[in-house]
Amino acid sequence: MNLNKSLLGAVLALCACVATTAHAAAIRDAASFTGNSLAANDDGSTGLVNLGFTANFYGNSFTQTYVNNNGNVTFNGPLSTFTPFNLTPASTTRIIAAFFADVDTRGAGSSLVTYGTATLNSRQVFGVNYINVGYFAAQDDKLNSFQLLLTERSDVAAGDFDIEFNYDRVLWETGSASGGTNGFGGTSAGVGFAAGNGVDAFQLAGSLVNGALLDGGPNALISNRLNSNVDGRYIFNVRNGTIIVPPSPVIPVPGALVLMLSGITLVGAMARRRKT
């Protein structure tokens, strides 16, 4: 961990406040994914953990993944990066990000990141709960609640699966080491995925845009949906290794960049900043 970040955390942790509790909405079967947890931490990751099935992610078959505290899972190594980067085709990271931002679960009011496998609707599911989680540095005055599910769909074809992002509450978007103040501003959270092959990637409109994904924002995650009839739920079908992105109801924000993924026009945020 960067020394400057550690010093900043020690100072800001003194100002942590008591937070409220999430109310279930899009998040589903949360109790099924609590068998394992990451200890209270900042920028931590698991080792390789079993998905419970084989997932074909852009031509590569995976039976394991890394669960990262900062709102994502990766396939080519753990990811401690806390400032979200633009999930463009140029990314070399194989990543699925429900809310890529500086999650910090060390605050007294923050819950831990939990994960596990379960059978839901006769399908094997790997799930990660980021329910009531705080932000850097050990801040718990605002807590986000979201979930990442990967569901095997061998009923369609071997290796097929679904990606599901569920959001109940998004009150903060940035950690203090990513240019944010009290959870806002700086380099805001990103949502999407990248194949790590230099070709295929997708970023949800509003990613990396200040205020866009927050509750009440122009691209509020809890108020929109994708391939779903539930507000706050976004479903992507992965078929024959390729992620199929249906037309999005989310309105692109100014400065959006149009990307291409397997012939489908995708919208992603243009902004990219790096921590200095």
Side-chain angles (χ1 to χ4, degrees), residues 19-40 45-46 48-57 62-75 95-101 103 105 109-134 143-156 159-171 189 191-193 204 213 215 220-239 243-244 246:
T20 57
T21 303
H23 298 284
I27 288 175
R28 63 189 184 98
D29 300 291
S32 298
F33 309 108
T34 57
N36 306 279
S37 63
L38 276 166
S45 301
T46 67
L48 281 170
V49 297
N50 293 326
L51 293 173
F53 60 93
T54 300
N56 179 357
F57 189 60
F62 297 98
T63 59
Q64 297 176 306
T65 191
Y66 298 89
V67 175
N68 303 306
N69 205 63
N70 289 332
N72 60 78
V73 300
T74 46
F75 297 100
I95 184 172
I96 299 174
F99 194 82
F100 185 9
V103 175
T105 57
S110 177
S111 297
L112 303 179
V113 174
T114 68
Y115 61 95
T117 60
T119 301
L120 303 177
N121 299 320
S122 301
R123 306 250 63 89
Q124 189 70 20
V125 181
F126 177 82
V128 187
N129 292 333
Y130 298 87
I131 299 176
N132 292 325
V133 293
L143 299 176
N144 286 353
S145 288
F146 58 98
Q147 181 186 58
L148 186 159
L149 302 181
L150 305 179
T151 302
E152 68 88 11
R153 293 301 309 273
S154 59
D155 57 314
V156 180
D160 287 357
F161 67 105
D162 293 338
I163 299 169
E164 184 175 318
F165 299 151
N166 294 319
Y167 305 91
D168 278 9
R169 185 179 60 206
V170 180
L171 300 182
V191 177
F193 41 81
L204 196 67
L213 302 180
D215 294 2
L221 291 169
I222 68 165
S223 304
N224 290 283
R225 62 181 78 168
L226 189 64
N227 202 26
S228 167
N229 60 2
V230 177
D231 283 347
R233 180 167 297 163
Y234 301 72
I235 299 175
F236 303 88
N237 305 130
V238 189
R239 301 294 181 261
I243 300 178
I244 301 170

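- A salt bridge is defined here as a Lys NZ or Arg NE, NH1 or NH2 lying under 4.0 Å from an Asp or Glu carboxylate O, and R239 with D162 meets this definition.
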side-chain contact (heavy atoms from CB on, under 4.5 Å) evaluation trace for R169 with D215:
CA-CA 7 Å; R169 185 179 60 206; D215 294 2; 3.6 Å; yes
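- A distance-only check finds a donor-acceptor pair linking the side chain of Y130 to the backbone of N72 [under 3.5 Å].
- N36 contributes a side-chain N or O that, together with a main-chain N or O of Y115, makes up a donor-acceptor pair within less than 3.5 Å.
- To the nearest 0.5 Å, the span separating CG on N227 from CD1 on I244 amounts to 9.0 Å.
- Judged by distance alone, with hydrogens and angles left aside, the side-chain atoms of D168 form a donor-acceptor pair with the main-chain N or O of I27 at under 3.5 Å.
- Within the 3.5 Å criterion, the main-chain N or O of R233 finds no donor-acceptor partner in the side chain of R225.
- Scanning all heavy atoms of the two residues, the minimum distance from T117 to N50 falls at CG2-O, 3.8 Å.
- Rounded to the nearest 0.5 angstrom, L38 CG and S45 OG are separated by 7.0 Å.
- Between the side chains of N68 and T74, a donor-acceptor pair is found at a separation under 3.5 Å.
- Across all non-hydrogen atoms, the minimal contact from A97 to F100 is CB-CB, 3.9 Å.
- With I163 as the fixed residue, the side chain to side chain contact (heavy atoms under 4.5 Å, CB included) test singles out one of V238, T151, N237, I235: V238.
- When atom types are taken as modelled, the side chain of N132 and the backbone of S110 share no donor-acceptor pair closer than 3.5 angstrom.
- No more than 12 heavy atoms of other residues, nucleotides or ligands shown are found within 6.0 angstrom of CG on N121.
- Annotation: the span from L149 atom CG to D29 atom CG amounts to 8.0 Å, rounded to 0.5 Å.
- A donor-acceptor distance shorter than 3.5 angstrom exists from the side chain of N69 to the backbone of V103, with no hydrogens or angles considered.
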Steps toward ring pair (Phe, Tyr, Trp, His ring centres under 6.0 Å) verdict (F75, F57)
CA-CA 9 Å; F75 297 100; F57 189 60; 5.3 Å; yes
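- Residues passing the side chain to side chain contact (heavy atoms under 4.5 Å, CB included) test with L112 are S37, A40, T105, sequence neighbours excluded.
- Atom CZ of F126 and atom CD of Q64 lie 10.0 Å apart (nearest 0.5 Å).
- In terms of heavy atoms, F165 sits closest to G192 at CZ-O, 4.1 Å.
- Taking both residues in full, the closest heavy atoms of L120 and R28 are given as CD1-NH1, 4.2 Å, listed atom of the first, atom of the second, then distance.
- Side chain of D231 to backbone of N224: no donor-acceptor contact under 3.5 angstrom is found.
- For the residue pair R123 and S154, the shortest heavy atom distance occurs at NH2-OG, 3.8 Å.
- For T63, the side chain to side chain contact (heavy atoms under 4.5 Å, CB included) criterion is met by T54, not counting sequence neighbours.
- Using cut-offs of 30° and 60° on the angle between ring planes, the pair Y234 and Y167 is perpendicular.
- The distance from the CG atom of L204 to the CZ atom of F236 is 6.0 Å, given to the nearest 0.5 Å.
- Atom CG in L213 sits 4.5 Å away from atom CG in L221 (nearest 0.5 Å).
- Using a 4.5 Å cut-off on side-chain heavy atoms (C-beta onward), N129 and V113 make no contact.
- F33 approaches A118 most closely through the heavy-atom pair CE2-CB, 3.9 Å.
- Remark: side-chain polar atoms of N144 are paired, donor with acceptor, to backbone N or O of L171 under 3.5 angstrom.
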